[in-house]
Amino acid sequence: MLCFSKIIVVKSSYSDVNSRENRRILMTRGWRWQQVARLLVIGAVIAFCGTASALAAESIKVGLVAALSGPSAQSGEAITRGLQLAIDEINAKGGLLGGRMLELVQRDDESSPPKGLIAARELISDNIVAIFGGLDSPVSLAMLPVLNKEKRIYMGVWAAATAITHNGADPNYAFRVSAVDALVDVRLLKFAHQKFGSKKAGLMLLNNPWGQSNEQGLIAASKADPSIEIVGIEKYEPNDVDMVAQLGRLKGAGADSVILVANAQPGAQVMKSRERMGWTVPVVSHWGISGGRFPELAGPTAGQADFVQTYSFFGKQGPVGQRVMAELKKKYSQIKGPEDVFSPVGTANAYDAMHLLALGIAQAGSTDGDAIRKALEDLKTPYEGLIKTYAKPFTSSNHDGLGPDDYIMVHYAGDNIVPVD
């Protein structure tokens, strides 16, 4: 913003001064007072312009509440990368709302719902416009009541619990560019049947709200598709290290596939327990296992778990994929190719979600939460994203930007996540 000012100089009259010496003294004093006046006016103008410039340059803060430490820290780092790439692109084009730059503020939830809720409250007090969620559905579900109450946008980029966007709030400020359990569960059972000929699935579910969400979704999917039956449902705790008993019961029930809902650490323990049993049953998993050091923790059988994703940097890339990969290589020296992009779903989902949020802010012409919500529900401008081209991705009744046609199946090849043939 340019700031123009007009400095008014007050002139003195010396017509009544007859004495040359008096005239000299008064002129000297007048000159000094004029200089002081000029400095005072200039100082006021600079202060005004500085304040106006600061207001014009005030950043638009967006928050990230995710696991930035602990077993799922990779997921938080992947999300951070996607968000920061998108923010850098938006800021390089002049930012939003007349030149305001986007700023990312992070909080580590340590995969703990209470810590996530505290972090959300802190960010709200810091005037955050929107909060991006991380891998853990229980954390996102804990934050949602306060976010809806305070009219702050929640943008999910990993957590898949159906109830996150289908939370019953009216108005609802929760949006998502990620998978949805109810849709993923259909895909997992269908894949187990088509690839492995499975007719009897056994479920291994994390004993938390995310596991409960998938239990409901898998039961509903099985009822809708009688080609595959659920013959057993087993639960485990996040810190369990031996799942032989649960797997043994599924084997005894005749399961010819295991549907796994787990994050990286407990998922690895399931694979190791399966290996100790000598049971070669196919494992079809939700995507939580890609949010940490699953190959390292699971060992040689890690590649035997097929799981769902929304994007892969392997294969032919479109223009956006080529640009994002080039920027990842440029920004992170350890990335030489797609094999070096860990937890790719976090990066891809976050990148697209940040651009969609920016479109909502621009269309709203405001950082007001309700105005942004209404804009997101009726985005006028299509967005050619990394995962797909988004044309009106959200509506007042659907806050999920991705559907079942946007999912792909992958597995680990060493440390690399590659598409299933």
Side-chain angles (χ1 to χ4, degrees), residues 62-89 104-111 116 131-137 139-140 155-160 176-179 210 262-265 267-268 285-297 302 307-314 317 320-321 323-357 385-387 401-402 406-408 410-412 414-419:
V62 295
L64 169 62
V65 177
L68 302 175
S69 63
S72 298
Q74 273 192 4
S75 68
E77 174 60 23
I79 292 169
T80 300
R81 291 179 176 184
L83 291 176
Q84 198 59 61
L85 284 182
I87 287 171
D88 289 347
E89 290 179 358
L104 179 63
V105 183
Q106 297 172 287
R107 292 289 187 275
D108 184 3
D109 63 34
E110 301 178 39
S111 297
I131 289 180
F132 289 83
L135 173 140
D136 297 282
S137 289
V139 175
S140 294
M155 186 65 78
V157 295
W158 196 311
R176 178 164 44 191
V177 179
S178 181
W210 183 43
N263 291 330
Q265 182 172 307
S285 178
H286 212 312
W287 63 6
I289 62 172
S290 66
R293 299 177 293 115
F294 181 74
E296 175 188 340
L297 297 171
F307 56 97
V308 71
Q309 295 275 270
T310 52
Y311 191 77
S312 173
F313 286 97
F314 284 89
Q317 301 289 304
V320 180
R323 183 178 73 244
V324 169
M325 178 54 68
E327 288 301 313
L328 285 170
K329 291 178 181 177
K330 181 179 177 181
K331 193 173 182 68
Y332 305 99
S333 59
Q334 67 270 36
I335 296 180
K336 308 298 182 184
E339 66 278 1
D340 299 316
V341 182
F342 57 71
S343 302
V345 65
T347 296
N349 291 358
Y351 177 86
D352 280 0
M354 184 66 249
H355 276 290
L356 290 173
L357 176 64
L386 187 57
I387 298 171
L402 298 180
D406 302 312
Y407 304 159
I408 60 173
V410 299
H411 66 144
Y412 276 102
D415 290 331
N416 305 328
I417 294 176
V418 301

Smallest separation among heavy atoms of Trp158 and Ser343, with atom names: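 Looks like CH2-CB, 3.8 Å.
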Do the side chains of [Y] and [X] get nearer than 4.5 Å, heavy atoms only?
{"X": "Asn263", "Y": "Pro71", "result": "no"}
{"X": "Ile131", "Y": "Met155", "result": "no"}
{"X": "Glu89", "Y": "His355", "result": "yes"}

Among all residues two or more places apart in sequence or in another chain, which pass the salt bridge (Lys or Arg N to Asp or Glu O under 4.0 Å) test with Asp406?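 Result, salt bridge (Lys or Arg N to Asp or Glu O under 4.0 Å) vs Asp406: Lys388.
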Partners of Pro338 by side chain to side chain contact (heavy atoms under 4.5 Å, CB included), sequence neighbours excluded?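 With sequence neighbours excluded, Pro338 shows a side chain to side chain contact (heavy atoms under 4.5 Å, CB included) to Phe313, Phe314, Met325, given in chain and number order.
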Any residue meeting side chain to side chain contact (heavy atoms under 4.5 Å, CB included) with Gln84, in chain and number order, not counting sequence neighbours: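 Result, side chain to side chain contact (heavy atoms under 4.5 Å, CB included) vs Gln84: Ile87, Asp88, Leu104, Lys331.
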Which residues satisfy the side chain to side chain donor-acceptor pair (under 3.5 Å) test with [X], sequence neighbours excluded?
{"X": "Arg81", "value": "Glu77"}
{"X": "Gln265", "value": "none"}
{"X": "Glu339", "value": "none"}

Would you please say whether a donor-acceptor pair under 3.5 Å links the side chains of Ser69 and Asp108?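 Side-chain D/A pair, Ser69 to Asp108: present.
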With no hydrogens and no angle check, do the side chains of Thr310 and Asn349 hold a donor and an acceptor under 3.5 Å apart?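 Yes, because at least one side-chain N or O of Thr310 sits under 3.5 Å from a partner of the opposite role on Asn349.
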Determine the sole option in Leu356, Leu328, Ile387, Leu386 for which the side-chain contact (heavy atoms from CB on, under 4.5 Å) test with Tyr351 is passed.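 That would be Leu386; it is the only one of Leu356, Leu328, Ile387, Leu386 passing the side-chain contact (heavy atoms from CB on, under 4.5 Å) with Tyr351.
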